[in-house]
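Everything quoted here is computed from the prediction, not taken from an experiment.
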Amino acid sequence: MHVLVTGATGFVGGHLVPALLAAGHSVRALVRDSSEYAPPDGVDVATGDLLDAGSFDAALAGVDVAYYLVHSMRAGADYAERDRRAARNFRRAADEAGVDRVVYLGGLGEDDETLSAHLRSRREVEFILQDGAYDLTTFRAAIIIGAGSASFRMIRELTTRLPVMLTPRWVRTDCHPIAIDNVVAYLVGVLDSPETAGETYEIGGPEVLTYAEILRRTGRLMGTGEPIIVPIPVLTPKLSAYWVALMTDVPSSVARPLIQGLKTPVVADTGAAQAQFAVDLTPFSDAVRLALSEPQSREATRAAAATGGAGR
């Protein structure tokens with residue numbers, strides 16, 4: 001099958017492209033600057049920017065399925081408008097090219113006022129893509145555990161550098177983390193399941209944990225010990241983002257929308273996904289061990305290249 005991956009330089013895209021090749025598909029990667037992308041052997045590289053209408057239309061020629069993994073969160077405060085514009089440009093180009101299917105990875109959370117601005121933006125992109133003439137398959141996920149994930153990087157660095165943490169009340173919020181290998185298995189699996197066209201699936205790992213539990217268990221697995229976590233009711237997400245940016249290498253432009261999203265319980269209803277796909281879910285501890293085993297230099301390279309790519 002002829003497949004296009006947008007956001008190929010991002011966290012999820014970087015794992016997805018080789019998995020698609022291994023599954024026997026013909027893969028084209030859309031990147032903004034080919035000089036900054038070292039593709040696996042056999043990948044056709046196309047250049048273009050989804051924010052620049054017309055610059056990427058040729059990349060969609062002859063494509064059966066396109067993966068939409070673009071996210072502008074690192075771009076700053078106007079990320080929602082940039083994501084909105086990119087999705088509209090992509091929808092138009094995909095329709096004109098006659099693409100049969102689009103696969104989108106978005107975020108969990110109920111469609112109500114409790115959604116953070118970050119999660120509302122991910123859902124808005126989903127709604128924009130739904131209006132295309134192609135069939136859209138959507139996956140919704142919470143924190144993805146893997147080297148290169150901005151959320152996991154933040155968790156890892158906090159547990160390494162802060163034995164005592166003063167945190168907002170969101171540390172008691174439920175979350176449904178999932179390993180990157182499981183996410184990729186779902187994304188690749190749709191190509192062998194035409195009945196998934198037009199469907200939406202919520203995906204998560206085998207365990208639901210609070211953010212406090214995620215921090216403590218990560219500390220244990222890293223060998224630094226469990227951090228002491230002290231929730232402070234008056235500590236706002238905005239202040240927390242500045243604090244995270246000060247104490248970790250995660251920039252505040254990324255930390256702030258991520259932390260605002262942590263206020264929302266994100267627990268997947270995984271029944272439909274588990275019934276449709278034969279994915280052997282990775283326990284949280286095993287996912288963290290795999291992420292920690294990846295060389296730091298490789299993770300740093302992926303994180304630096306992740307601007308414009310998807311991954312929470």
Side-chain angles (χ1 to χ4, degrees), residues 1-76 78-106 121-122 125 128-129 132-134 136 148-150 180 184 187-188 191 251 253-254 298-312:
M1 192 171 291
H2 296 285
V3 177
L4 174 71
V5 177
T6 68
T9 60
F11 165 52
V12 176
H15 286 82
L16 177 61
V17 167
L20 289 168
L21 287 171
H25 299 289
S26 174
V27 181
R28 180 179 298 157
L30 176 64
V31 299
R32 286 181 299 195
D33 186 351
S34 60
S35 67
E36 296 183 357
Y37 180 52
D41 291 342
V43 173
D44 176 26
V45 179
T47 58
D49 187 343
L50 295 189
L51 292 172
D52 182 9
S55 70
F56 60 91
D57 291 17
L60 288 159
V63 167
D64 300 309
V65 179
Y67 287 86
Y68 194 89
L69 303 176
V70 172
H71 193 359
S72 303
M73 187 170 62
R74 289 175 180 267
D78 66 340
Y79 68 87
E81 172 53 32
R82 292 167 67 91
D83 277 347
R84 189 179 301 121
R85 189 163 80 251
R88 288 171 177 160
N89 288 342
F90 174 85
R91 181 185 66 195
R92 174 199 56 78
D95 281 350
E96 291 179 357
V99 173
D100 293 328
R101 294 185 64 184
V102 171
V103 182
Y104 171 62
L105 177 62
S121 174
R122 306 313 299 142
V125 168
I128 291 171
L129 295 177
Y134 45 76
L136 178 70
S149 161
I180 179 60
V184 169
L187 292 172
V188 175
L191 300 184
S253 61
V254 174
R298 185 176 172 192
E299 178 182 354
T301 300
R302 276 187 178 158
T307 302
R312 186 175 173 189

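In this structure, Val45 and Pro39 approach most closely via the heavy-atom pair CG2-CG, 3.6 Å. Taking both residues in full, the closest heavy atoms of Gly48 and Leu30 are given as N-CD1, 3.7 Å, listed atom of the first, atom of the second, then distance. Minimum heavy-atom separation, Val184 to Ala19: CG1-CB, 3.4 Å. Across all their heavy atoms, Asp57 and Ala93 have their closest contact at OD1-CB, 3.6 Å. Nearest approach of Ala29 to Ala8, heavy atoms of both residues: CB-CB, 3.6 Å. The minimum heavy-atom distance between Val70 and Leu50, with the atom names listed, is CG2-CD1, 3.5 Å.
Listed for the Ser55 side chain is a donor-acceptor partner under 3.5 Å among the backbone atoms of Asp49. Put simply, the side chain of Arg82 never gets that close to the backbone of Leu51: no donor and acceptor are under 3.5 Å apart. Between the side chain of Tyr134 and the backbone N or O of Leu129 there is at least one donor-acceptor pair closer than 3.5 Å. One N or O on the side chain of Asp95 and one on the backbone of Ala133 form a donor-acceptor pair closer than 3.5 Å.
Annotation: side chain of Tyr67 is in contact with side chain of Leu20 (closest heavy-atom distance under 4.5 Å). Taking the side chain as every heavy atom from C-beta outward, Pro40 and Val17 approach each other to under 4.5 Å. Contact check for Val63 versus Arg28: side-chain heavy atoms found under the 4.5 Å cut-off. Side-chain contact between Asp33 and Thr47 is absent, with no heavy atoms from C-beta onward closer than 4.5 Å.
Using cut-offs of 30° and 60° for the angle between ring planes, the Phe90 and Phe56 rings count as parallel.
The distance from the OH atom of Tyr79 to the NE2 atom of His71 is 7.0 Å, given to the nearest 0.5 Å. To the nearest 0.5 angstrom, Ile128 atom CD1 is 14.0 Å from Arg92 atom CZ. Going from atom CD of Glu96 over to atom CZ of Arg91 covers 11.5 Å, rounded to the nearest 0.5 Å.
When only modelled atom types and interatomic distance are considered, Arg122 and Tyr104 share a side-chain donor-acceptor pair under 3.5 Å.
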For this session: Any chance you could lay out the side chain to side chain contact (heavy atoms under 4.5 Å, CB included) test for Val5 and Leu69, step after step, and finish with the verdict?
Result: CA-CA 7 Å; Val5 177; Leu69 303 176; 4.0 Å; yes

For this session: Would you please test Leu21 and Val43 for side chain to side chain contact (heavy atoms under 4.5 Å, CB included) and show each step?
Result: CA-CA 8 Å; Leu21 287 171; Val43 173; 3.4 Å; yes

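Surrounding NE2 of His25 are more than 12 heavy atoms belonging to other residues, nucleotides or ligands, all under 6.0 Å away.
No option in Leu60, Asp64, Leu4, Val65 other than Leu60 meets the side-chain contact (heavy atoms from CB on, under 4.5 Å) test with Val99.
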